[in-house]
J.: 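Following this message is one structure expressed as structure tokens.
The basis for the numbers below is simple: all heavy atoms, side chains too, and nothing from hydrogens, waters or symmetry mates. Nothing here was measured: the structure is a model prediction, and the numbers come from that model.
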Amino acid sequence: MARLLTPSRILIALSGAAALVAGGMAVSQIEPGDRGVAPIDSTSSYEIGGVTVDVSGKDADAARTGGWREAQRKGWRMLYARVHNVPFAAAPRLPDSTLDSIVAGIVVEDEQISARRYIGRLGVLFDRGRAGALLGVGGQVRRSAPMLTIPVMWSGGAAQSFELRTQWQQAWARFRTGGSLIDYVRPVGTGADPLLMNMAQARRPGRAWWRMLLDQYGASDVLVPEVSIKRSYPGGPVLATFTARHGPDGTVIERFVLRAETSAAIPRLLDEGVRRIDMAYADALRSGGLYPDAMLVEDPVPIDPLDLAGADPDAAVVAPGDVASSSFSLDVDTPDAAALARAEQAIRAIPGVRSLSTPSLALGGVSVIRVLFQGDAAALSIALRARGIRAEETGDNRFRLRPPAATAPPAAAPAETVPEPGTPA
């Protein structure tokens with residue numbers, strides 16, 4: 001027997017249908033099919049890209065082999081110069097037999113081969129363990145603090161980060177960070193990433209939310225590399241404006257413009273932009289420009305002198321009646337190991353310093369030296385100035401030991417044209 005639907009039953013049925021539709025929409029909105037790019041794992045190798053070679057030989061194979069060997073020689077000197085922050089001309093040379101033992105692979109970015117000539121733009125991968133011993137870093141390079149990286153791409157007047165799989169995110173996923181001075185934390189873009197790290201978050205000034213986000217991703221600071229793509233017409237020339245931003249306030253580290261003749265060259269254009277932005281961040285790190293916002297870092301936990309005494313043989317316990325000792329954090333520029341040793345020696349010689357340790361070492365960046373000082377912050381500041389050390393108080397029991405004034409970052413250069421694939425580099 002058929003049942004008549006009363007108005008109330010009709011309302012319940014419509015509500016159930018609406019709930020099912022809404023549930024289906026919710027499922028489709030979090031579907032990961034068009035999101036997420038897993039970054040390349042480059043922890044086992046150093047990479048040097050953009051090595052240009054032009055070699056002739058008796059035949060095509062000999063020319064190509066000679067080109068790859070020349071890339072190994074140049075790549076090693078470029079890696080050494082980058083790690084030790086010295087000019088390319090000052091980097092030592094290695095014999096081909098040694099280079100063959102430490103090179104893990106050759107990445108062909110672009111090449112042209114003729115009967116007796118090889119022109120290429122190559123990347124060289126060096127085994128981290130073997131090359132690290134020759135570099136004098138034991139296979140590891142001290143880098144910056146972990147930096148949460150949110151790539152933002154402007155195209156067609158709209159900005160996207162992890163909402164969809166963009167070419168800019170893919171370029172950052174392709175970038176091998178093993179040889180970089182910056183410790184990039186690159187989210188995959190799945191799960192809750194599109195909701196937590198979108199364009200609105202990249203422009204959010206509130207430190208409380210940023211602190212929660214950084215803690216969740218295991219980072220200490222944030223980097224927002226941006227690119228704005230402008231196409232003259234479909235398939236035609238492309239003009240890309242790159243901006244390297246740092247921190248919750250979006251401080252501009254560098255801005256530059258690159259140009260490609262066709263839309264087919266956009267991936268290579270973006271790869272070059274990533275490389276240039278990484279160089280800008282590395283230069284800012286060396287000059288102290290990537291110093292984290294004090295409001296993003298939790299206040300240091302007071303250290304018990306007994307703990308310091310157990311960890312450091314030079315530590316001393318303050319006896320009753322003596323001036324109270326306090327723990328201070330000193331941020332020091334350490335371009336190399338010698339600079340760190342000089343800083344520790346100068347600070348240890350200050351009267352009133354009971355103990356000294358280096359909990360955060362960043363060769364090529366800013367290291368943190370923690371001292372137990374018998375006195376307050378004002379007394380420590382006076383003692384530092386007496387030793388000729390220029391110090392600025394940046395927070396509770398924290399000082400920044402400033403290097404000589406750094407020069408301002410260079411202005412944006414005119415647009416450079418990225419060659420199309422197949423043309424000589």
Side-chain angles (χ1 to χ4, degrees), residues 35-37 39 143-175 177 180-230 240-258 269-285 287-297 365-366 409 412:
R35 296 192 182 96
V37 182
R143 302 194 290 175
S144 71
M147 299 282 187
L148 180 62
T149 307
I150 305 178
V152 175
M153 180 175 181
W154 288 85
S155 181
Q160 292 180 343
S161 58
F162 294 102
E163 294 87 350
L164 293 174
R165 186 184 295 124
T166 64
Q167 292 179 303
W168 187 226
Q169 184 193 0
Q170 292 174 356
W172 276 98
R174 290 192 300 268
F175 180 61
T177 62
S180 174
L181 296 180
I182 309 300
D183 184 5
Y184 296 102
V185 178
R186 297 178 290 179
V188 176
T190 56
D193 292 349
L195 300 177
L196 297 177
M197 293 175 292
N198 47 36
M199 183 60 187
Q201 175 61 36
R203 291 289 187 267
R204 188 191 302 272
R207 266 53 172 181
W209 181 267
W210 272 115
R211 187 181 295 116
M212 181 276 297
L213 195 62
L214 294 177
D215 290 343
Q216 180 173 345
Y217 286 89
S220 301
D221 207 345
V222 60
L223 300 175
V224 183
E226 295 183 5
V227 61
S228 177
I229 300 293
K230 294 184 179 180
T241 302
F242 296 88
T243 305
R245 297 184 183 273
H246 165 241
D249 295 327
T251 304
V252 177
I253 300 298
E254 185 166 340
R255 180 180 284 119
F256 56 91
V257 179
L258 297 178
L269 180 77
L270 297 180
D271 288 340
E272 177 65 16
V274 171
R275 188 186 67 83
R276 292 273 295 271
I277 286 180
D278 175 69
M279 293 175 57
Y281 282 140
D283 292 341
L285 177 66
S287 61
L290 287 189
Y291 187 73
D293 192 314
M295 297 182 67
L296 294 179
V297 182
V366 179

J.: Can you name the nearest heavy-atom pair linking Val227 to Leu270, along with the distance?
T.: CG2-CD2, 4.1 Å

J.: In chain order, what residues pass the side-chain hydrogen bond (donor to acceptor under 3.5 Å, both in side chains) check against Thr149, with sequence neighbours excluded?
T.: none

J.: Could you tell me the separation between the OH atom of Tyr184 and the CG atom of Leu148, rounded to the nearest 0.5 Å?
T.: 12.5 Å

J.: What heavy-atom pair brings Gly218 and Pro146 nearest, and what distance separates the two atoms?
T.: O-CB, 3.6 Å

J.: Can you list the residues that meet the side-chain contact (heavy atoms from CB on, under 4.5 Å) rule with Ala244, with sequence neighbours excluded?
T.: Ile253, Ile277, Tyr281

J.: Within the distance-only criterion (no hydrogens, no angle test), does the side chain of Ser161 pair as donor or acceptor with the backbone N or O of Ile150 below 3.5 angstrom?
T.: no

J.: Less than 3.5 Å apart, which donor and acceptor atoms pair up between the side chains of residues 198-206 and the rest of the protein, not counting sequence neighbours?
T.:
residue, atom, partner, partner atom, Å
Asn198, OD1, Ala200, N, 3.3
Asn198, OD1, Gln201, N, 3.0
Asn198, ND2, Leu195, O, 3.4
Gln201, OE1, Arg204, NE, 2.7
Gln201, OE1, Trp209, NE1, 2.7
Arg203, NH1, Glu226, OE2, 2.8
Arg203, NH2, Glu226, OE1, 3.4
Arg203, NH2, Glu226, OE2, 2.6

J.: Which is it for Ile182 and Leu223 under the side-chain contact (heavy atoms from CB on, under 4.5 Å) test, yes or no, and what are the steps along the way?
T.: CA-CA 10 Å; Ile182 309 300; Leu223 300 175; 3.9 Å; yes

J.: Which atom names give the shortest non-hydrogen contact between Glu272 and Arg275, and what distance separates them?
T.: OE2-NH2, 2.6 Å

J.: For residues Val222 and Tyr217, determine if any side-chain heavy atom of one lies less than 4.5 Å from a side-chain heavy atom of the other.
T.: no

J.: Cation-pi between Arg276 and Phe242: NZ/CZ under 6.0 Å from ring centre and within 45° of the ring axis?
T.: no

J.: Does Ile229 form a side-chain contact (heavy atoms from CB on, under 4.5 Å) with Trp168? I'd like the steps, not just the answer.
T.: CA-CA 10 Å; Ile229 300 293; Trp168 187 226; over 6 Å; no

J.: Let me confirm one number: the CZ-CZ distance from Arg245 to Arg255, rounded to the nearest 0.5 Å.
T.: 6.0 Å

J.: Under 4.5 Å between any side-chain heavy atoms of Arg174 and Val274, yes or no?
T.: no

J.: Taking the side chain as C-beta and beyond, is there a heavy-atom pair between Gln169 and Met153 under 4.5 Å?
T.: no

J.: Sequence neighbours excluded, which residues qualify as side-chain hydrogen bond (donor to acceptor under 3.5 Å, both in side chains) partners of Thr241?
T.: none

J.: Output all residues satisfying salt bridge (charged side-chain N to carboxylate O under 4.0 Å, His left out) with Asp283, sequence neighbours left out; order by chain, then residue number.
T.: Arg286

J.: Among all residues two or more places apart in sequence or in another chain, which pass the side-chain hydrogen bond (donor to acceptor under 3.5 Å, both in side chains) test with Arg207?
T.: Asp249, Asp293

J.: Who are the salt bridge (charged side-chain N to carboxylate O under 4.0 Å, His left out) partners of Asp183, not counting sequence neighbours?
T.: Arg143

J.: Going by side-chain contact (heavy atoms from CB on, under 4.5 Å), Met147 matches just one of Leu285, Leu290, Leu214. Which one?
T.: Leu290

J.: Taking all heavy atoms of Ala240 and all of Leu269, pick out the closest pair and write down the distance.
T.: CB-CD2, 3.6 Å

